Amino acid sequence: MNLDEPIMHFIKGSDKIKITNIYSSNERSDMMKNLLSKVFSKKAKIQIEFCQNNLDRFLNEQTVADYGKFLSNPRIQYKEYECLSECKLCKKTPYAKVNGQIMSGEDSQDLLNQLHDELK
């Protein structure tokens, strides 16, 4: 019997045919893992928006590297915009919009620490 081909079963007292596949134990195990990973989903992705003007104003060489490492996390989706229309805040402190909410820090490292906390 070829395990890749579907098996047809006739249902008694009906004109319906039920088609099923026979899977190996490894295939069933993989299917169960996929199902469980969907049911018990991993932590949600975090969406972060940055103002390019704000980044230019507050980031330095060290924090650029730290941010780059942080933003490489697969749970993070980010975009940089030329402006996020938060000009008063932008002039005073580093900030980002995290899942639509503004988050600001005393300096760029403080903001990065707060962003790390969002992943937990």
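All values reported here derive from a predicted model rather than from experimental measurement. Reckoned from all heavy atoms, side chains included, excluding hydrogens, waters and symmetry mates.
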Q.
Rounded at 0.5 Å granularity, tell me how far NE2 in His116 sits from CG in Leu111.
A. 10.5 Å
Q) Okay, side chain of Asn54, backbone of Cys90: is any donor-acceptor separation there less than 3.5 Å? A) yes
Q. Do Tyr95 and Met103 come within less than 4.5 Å of each other through their side chains, counting heavy atoms only?
A. no
Q.
Could you check whether any side-chain heavy atom of Leu119 comes within less than 4.5 Å of a side-chain heavy atom of Arg75, counting everything from C-beta outward?
A. yes
Q. Under 4.5 Å between any side-chain heavy atoms of Gln52 and Tyr81, yes or no?
A. no
Q) Is the side chain of Lys45 donor-acceptor paired with the backbone N or O of Pro74 at a distance under 3.5 Å, no angle test? A) yes
Q) Nearest heavy-atom pair of Pro94 and Ser108: which atoms, and what distance? A) CG-N, 3.4 Å
Q. Taking atom types as modelled, is there a side-chain donor on Gln77 or Gln47 under 3.5 Å from an acceptor on the other?
A. yes
Q: Measure the shortest side-chain to side-chain distance between Lys69 and Tyr67 over non-hydrogen atoms and say whether it is less than 4.5 angstrom.
A: no
Q) How long is the span from the CD atom in Glu80 to the SG atom in Cys51, to the nearest 0.5 Å? A) 10.0 Å
(Q) To the closest 0.5 Å, what do you measure between NZ (Lys88) and NZ (Lys92)? (A) 8.0 Å
Q) In the single-linkage hydrophobic clustering (I, L, V, M, F, W, Y; side-chain heavy atoms under 4.5 Å), do Ile46 and Leu115 co-cluster? A) yes
Q. Just wondering, do Gln109 and Asp66 contact through their side chains at under 4.5 Å, heavy atoms?
A. yes
Q.
Are Val64 and Ile76 linked, directly or through intermediate hydrophobic residues, by side-chain heavy-atom contacts shorter than 4.5 Å (ILVMFWY only)?
A. yes
Q. Can you name the nearest heavy-atom pair linking Ser104 to Leu89, along with the distance?
A. CB-CD1, 4.3 Å
Q: Taking the side chain as every heavy atom from C-beta outward, state whether Phe50 and Leu71 have any atom pair closer than 4.5 Å.
A: yes
Q: Go through the side-chain N and O atoms of Thr63 and Asn60 and say whether any donor and acceptor fall under 3.5 Å apart.
A: yes
Q.
Quick check: do Tyr78 and Glu49 have side-chain heavy atoms less than 4.5 Å from each other?
A. no
Q) How far apart are the C-alpha atoms of Phe70 and Ile48, what are their side-chain angles, what is the distance that settles it, and do they pass the side chain to side chain contact (heavy atoms under 4.5 Å, CB included) test? A) CA-CA 12 Å; Phe70 172 74; Ile48 303 173; 3.9 Å; yes
Q | Shortest non-hydrogen contact between Asp110 and Gly105, atoms and distance | A | OD2-CA, 3.2 Å
Q: Give, for atom OG1 of Thr93 and atom CD1 of Ile102, the distance between the pair rounded to the nearest 0.5 Å.
A: 11.0 Å
